[in-house]
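One structure below.
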Amino acid sequence: MSTYKSNDYIVQSIEESLLPVGYEEIEKAARDILSPQAFSYISSGAGAEETARKNKDAFQKYSIVPKLLNDVSEVDTSISLFERNYPTPFILAPVGVLKLADDQGDLAVTRAASKYNIPFIQSTVSSFSIEEVGQSSGAPKWFQLYWTSLEDISFSFVKRAEKAGYEAIVVTIDTVTLGFREKDLSYGYSPLADGYGQGNFESDDVFLSTVEEVNNSAIVDGIIKNINYPALNWSHISKLKEKTSLPILLKGVLHPEDAQRAVNLGVDGLIVSNHGGRQLDGVISSIDALSEIAKVVNGKIPVLFDSGIRRGSDALKALALGADAVLIGRPYVYSLAINGEKGVSQFLANFLQDFSSSMMLSGVKNMKQLQQLKIICD
């Protein structure tokens, strides 16, 4: 059990931490630091960015109804997932090419996460290898898998993650082809093509056996050919279950029928997500999809939430609407760009303070009470 009092997380001054407190200020500071191309890649969504806007705006439709005069002098934020205990209901979402934000990329993020024992989900297109990230800190680590056209590469990644002590495999199912990202196309910019996301590939013997020459150009070409795989279907998930004993989660679930089929197939968990609005534009916001999926799953497997979390009150709403845990994405990436590992660490400290204060002010002191908190849709 992890209990916190109201002053357990001390928010440092902006001058001391070099990190603004509010999300909008963090985003603005990152914009000022990053190149226009890099900031656009991190911040933008697909198409006209309708989905990206929905993810944030939809939270405003949901309102918390506090139930007060409870003793909330101590709150317990701990959760249990896949027979493991974590001190908070938060996970750092998989984000590729993190070296774009800071030279230490994934290594800096996982070191910051280790201070709070928050799981970090490493991307297939991360800047560092599974082994490097695995050894970088004591933070719990999960591996996010983009299915490759040569499936032996996918299985190799999974075996490497198992060997490195990772705790779960997250299969992203909404990226069988790249979304039409207008801003990236306008800039003519691809950090993957610039070599920011090849850490796992350039260290994988199975992948390297498929390239004629082991050089940067051949590696990048091989990655691009492999990670776009429109033929991905349910049979691949069944095959993956035969290849690993680790829990398997599907990330990108928005339709209740997909949720039900995943439960029937024996998938271990779901992540309700629209990829932060970066894939299909015009799709439902993640928070609007959450309740119905949680209802269909009915507690049989964990339902996690991703896309649109900016503040502790956002996380509170998602958990009250049926999520068992919440993924955080862009805010930590911007914090990484601003001040590296220290920036991510300070963001997490502030976010955890925000969340624990929101719990207290809502009159709940543990996750069970939080999941019973009344939320109304305006």
Side-chain angles (χ1 to χ4, degrees), residues 18-20 23 25-46 49 52 92-113 120-130 132-133 136-137 141 143-146 170 172 175 178-203 216-217 219-224 226-228 275-279 306-307 310 327-348:
L18 300 179
L19 186 77
Y23 171 76
E25 287 73 28
I26 292 174
E27 183 180 46
K28 181 180 183 301
R31 182 194 294 269
D32 292 341
I33 289 172
L34 292 165
S35 70
Q37 295 92 332
F39 178 79
S40 174
Y41 179 83
I42 297 167
S43 66
S44 63
E49 300 185 305
L92 298 186
V95 179
V97 301
L98 283 174
K99 207 169 184 178
L100 186 66
D102 178 84
D103 283 343
Q104 287 292 295
D106 314 82
L107 308 183
V109 174
T110 188
R111 287 195 294 260
F120 169 68
I121 308 178
Q122 182 184 356
S123 171
T124 290
V125 289
S126 57
S127 299
F128 295 89
S129 71
I130 291 167
E132 289 172 314
V133 173
S136 63
S137 79
K141 299 171 190 75
F143 183 72
Q144 175 269 331
L145 178 66
Y146 284 131
V170 176
T172 298
T175 315
L178 196 64
F180 193 77
R181 300 174 187 173
E182 294 179 8
K183 289 185 177 178
D184 291 341
L185 291 169
S186 296
Y187 279 115
Y189 183 65
S190 169
L192 194 61
D194 284 349
Y196 284 104
Q198 59 194 52
N200 290 318
F201 289 87
E202 65 186 4
S203 57
N216 188 68
S217 177
I219 289 172
V220 169
D221 288 346
I223 294 171
I224 293 172
N226 267 285
I227 62 171
N228 289 301
H275 214 102
R278 292 172 58 77
Q279 282 301 99
D306 170 73
S307 300
R310 300 292 181 259
L327 277 61
I328 304 169
R330 285 186 179 95
Y332 87 75
V333 182
Y334 292 147
S335 302
L336 175 69
I338 295 167
N339 199 24
E341 177 185 339
K342 291 181 180 179
V344 179
S345 180
Q346 186 58 43
F347 163 73
L348 292 174

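- For the pair Ile26/Ser335, a side-chain contact is recorded, criterion being any heavy-atom separation below 4.5 Å from C-beta on.
- Rounding to the nearest 0.5 Å places OH of Tyr189 at 10.0 Å from OG of Ser40.
- Within the 4.5 Å cutoff, side-chain heavy atoms of Ser44 are placed close to those of Asp184.
- Remark: of the listed residues Ser129, Ser126, Ser123, Ser126 is the sole one forming a side chain to side chain donor-acceptor pair (under 3.5 Å) with Asn200.
- Atom CZ in Phe120 sits 5.5 Å away from atom CG in Leu98 (nearest 0.5 Å).
- Of all heavy-atom pairs spanning Leu192 and Val97, the tightest one is N-CG1, 4.4 Å.
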Practice problem: Check step by step if ring pair (Phe, Tyr, Trp, His ring centres under 6.0 Å) holds for Tyr334 and Phe39. | Solution: CA-CA 9 Å; Tyr334 292 147; Phe39 178 79; 5.7 Å; yes
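- Annotation: side chain of Leu107 is not in contact with side chain of Ser137 (no heavy-atom distance under 4.5 Å).
- A distance of 10.0 Å separates CG of Asn228 from OH of Tyr146, quoted to the nearest 0.5 Å.
- For the atom pair NZ of Lys99 and CG of Asp194, the computed distance is 13.0 Å after rounding to the nearest 0.5 Å.
- In this structure, the side chain to side chain contact (heavy atoms under 4.5 Å, CB included) partners of Glu341, at least two apart in sequence or on a different chain, are Ala108, Arg111, Ala112, Lys115.
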Quiz item: Could you go step by step and tell me if Glu202 and Asn216 meet the side chain to side chain donor-acceptor pair (under 3.5 Å) rule?
Solution: CA-CA 9 Å; Glu202 65 186 4; Asn216 188 68; over 6 Å; no
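- Partners of Ser307 by side chain to side chain contact (heavy atoms under 4.5 Å, CB included), not counting sequence neighbours, listed by chain and number: Asn55, Ser273, Asn274, Ser286.
- In this structure, CD1 in Ile42 is found 9.5 Å from CZ in Arg330, a value given to the nearest 0.5 Å.
- Using a 4.5 Å heavy-atom threshold, the side chains of Arg278 and Arg181 count as touching.
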